[in-house]
Protein chains: 2
Amino acid sequence: MVERSVRNITDRFRQSGRKVTPQRVAVFEALCEGGGHPTVDQIYREVRQRFPMISLNTVYQTMEALVDLKVVSPVGHSLEAARYETDPAPHHHTVCIACKRITDVFDAALGRVKLPRAVKDRFQVVGHRVEFYGYCADCRSPGATNR
Amino acid sequence: MVERSVRNITDRFRQSGRKVTPQRVAVFEALCEGGGHPTVDQIYREVRQRFPMISLNTVYQTMEALVDLKVVSPVGHSLEAARYETDPAPHHHTVCIACKRITDVFDAALGRVKLPRAVKDRFQVVGHRVEFYGYCADCRSPGATNR
DNA sequence: ATACTAATTGATAATAATTCTTGTTTAGCT
DNA sequence: AGCTAAACAAGAATTATTATCAATTAGTAT
């Protein structure tokens, strides 16, 4: 099954005009083995067991390519710096992918989101947040339709 | 009104055994003026107009104190490094505040969350995510009750 | 199979956000 | 006014990430 996946990936790499290198395959395999939601550093350590010469840069670049190919996706928002909010009332956010602008959304329905019972047994919930990501009015790509 | 807020803050600082300094007041005021969801750097630039000698460190420390006093709260998760996921199926997450472990949650109901119409007109939604934060089974603080 | 070319690699330097260290200053108490 | 722990400024250290660049290599054309 992993065989199958690797084949898939190599094809997609080539189809997108990218080259398939042993390093890239190793990064992808490490990604699959890891199971969870690995960091670049975790992948790096894993791959380095087989490719001691691989550079961190290569892992970053491979991850970028994989994101580009939509094989993996980054978890959570991609704000590069911590941000804070002053409104204590429970609310949620829209985050613009382009300009990183965060806007508050107040909507009672969003507060009623519930974690499924089965998960709740294993996880002590402190809170939750709903984050819509997309493009704000200023950054909306021309021609794109609102849905 | 800002007067009122400042008074509030100074009291809370003192009540928690912290000292009230002009720098701290200035950081808080910059925070209020900023309006949005400022970064530390934005606050720093703002405050420096009145306190050219203030150090970035002081801003960081003040923000930490304000978070501690629950005057402000950080937006979004607090993962220190990028993480990736390989499962393409739409799903959501629990994030452990302590160990940062991310677990997938599959629940159709969470996918039906909708951005209010009024906001939708101004924001082109690409997707949304629901993130529950709290403590995983391994990190659950002893004596804490599940709700 | 060989050669060519552009993509990729590894090493290293550069950024950027955040934290740590240290010696000096100061708020709040007595 | 004096004491002392907290807070300050300056700058070094860390950590995640990105950029630079010469050397290597995958994939294609020959």
Side-chain angles (χ1 to χ4, degrees), chain A residues 6-7 9-28 30 37-69 72 74-84 100 102, chain B residues 6-7 9-28 30 37-69 72 74-84 100 102:
Chain A
V6 169
R7 168 62 68 93
I9 293 304
T10 58
D11 286 350
R12 292 173 71 171
F13 263 100
R14 271 190 272 262
Q15 277 160 25
S16 70
R18 270 175 263 248
K19 294 178 177 176
V20 175
T21 66
Q23 290 93 334
R24 285 181 167 175
V25 173
V27 166
F28 175 71
H37 300 77
T39 64
V40 168
D41 195 62
Q42 285 166 352
I43 298 168
Y44 176 56
R45 288 174 200 277
E46 180 67 29
V47 173
R48 209 162 38 156
Q49 295 182 16
R50 282 196 291 144
F51 291 79
M53 300 306 286
I54 197 171
S55 86
L56 199 45
N57 191 5
T58 299
V59 181
Y60 272 106
Q61 286 179 186
T62 303
M63 292 312 294
E64 190 184 335
L66 289 171
V67 169
D68 210 57
L69 292 174
V72 302
V75 173
H77 60 63
S78 48
L79 301 171
E80 64 300 310
R83 285 168 181 267
Y84 299 89
K100 316 288 186 193
I102 300 170
Chain B
V6 170
R7 168 62 67 94
I9 293 304
T10 59
D11 286 351
R12 292 172 73 170
F13 262 100
R14 271 191 274 262
Q15 278 160 24
S16 70
R18 270 175 264 250
K19 294 178 177 177
V20 175
T21 66
Q23 290 93 331
R24 285 181 168 175
V25 174
V27 166
F28 175 69
H37 301 77
T39 64
V40 168
D41 194 62
Q42 285 166 352
I43 298 167
Y44 175 57
R45 287 173 200 277
E46 180 68 31
V47 173
R48 208 161 43 155
Q49 295 183 17
R50 281 196 291 144
F51 290 79
M53 301 305 288
I54 197 170
S55 84
L56 198 47
N57 191 7
T58 299
V59 182
Y60 272 105
Q61 287 178 184
T62 303
M63 292 312 294
E64 188 184 335
L66 289 171
V67 169
D68 210 59
L69 292 174
V72 302
V75 174
H77 60 65
S78 47
L79 300 171
E80 65 300 311
R83 284 168 182 269
Y84 299 88
K100 317 288 186 193
I102 301 170

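First the proteins, then the strands, lettered A, B, ... as listed; each starts at 1.
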**Item:** Side chain Arg18(A), main chain Ala65(A), donor-acceptor under 3.5 Å
**Value:** no

With five pairs defining each end axis, the helix from dA1(C)-dT30(D) to dT30(C)-dA1(D) comes out bent, to 10°, by 30°

Rounded to whole Å, the CE-P distance (Met63(B) to dT19(C)) equals 12 Å

Separation of dT24(D) atom C1' from Gln23(A) atom CD, nearest Å, is 10 Å

Salt bridge present between Asp11(A) and Arg7(A) (N-O < 4.0 angstrom) | no

Atom OH of Tyr44(B) and atom P of dA17(C) are separated, to the nearest Å, by 13 Å

d(Lys100(B) NZ, His37(A) NE2) to nearest 0.5 Å is 15.5 Å

Protein-proximity profile, nucleotides 21-30 of chain C, B/S/- by nucleotide at the 4.0 Å heavy-atom cutoff, equals B-----BS--

**Message:** Under 4.0 Å, counting only non-hydrogen atoms across every strand here, what does Ile54(B) touch: a base, just sugar-phosphate, or nothing?
**Reply:** sugar-phosphate

In whole angstroms, the gap separating P of dT17(D) from CZ of Arg83(B) amounts to 10 Å

Rounded to whole Å, OH of Tyr84(B) lies from C1' of dA16(D) at a distance of 10 Å

By nearest-nucleotide position on DNA chain D, the 5'-leaning member of Thr62(B) and Ala82(B) is Thr62(B)

Rounded to whole Å, the OH-P distance (Tyr60(A) to dA14(C)) equals 18 Å

Quiz item: Do the side-chain N or O atoms of Ser55(B) get closer than 4.0 angstrom to the phosphate oxygens (OP1, OP2) of dA10(D)?
Solution: no

In whole angstroms, the gap separating C1' of dT9(C) from CG of Leu56(A) amounts to 13 Å

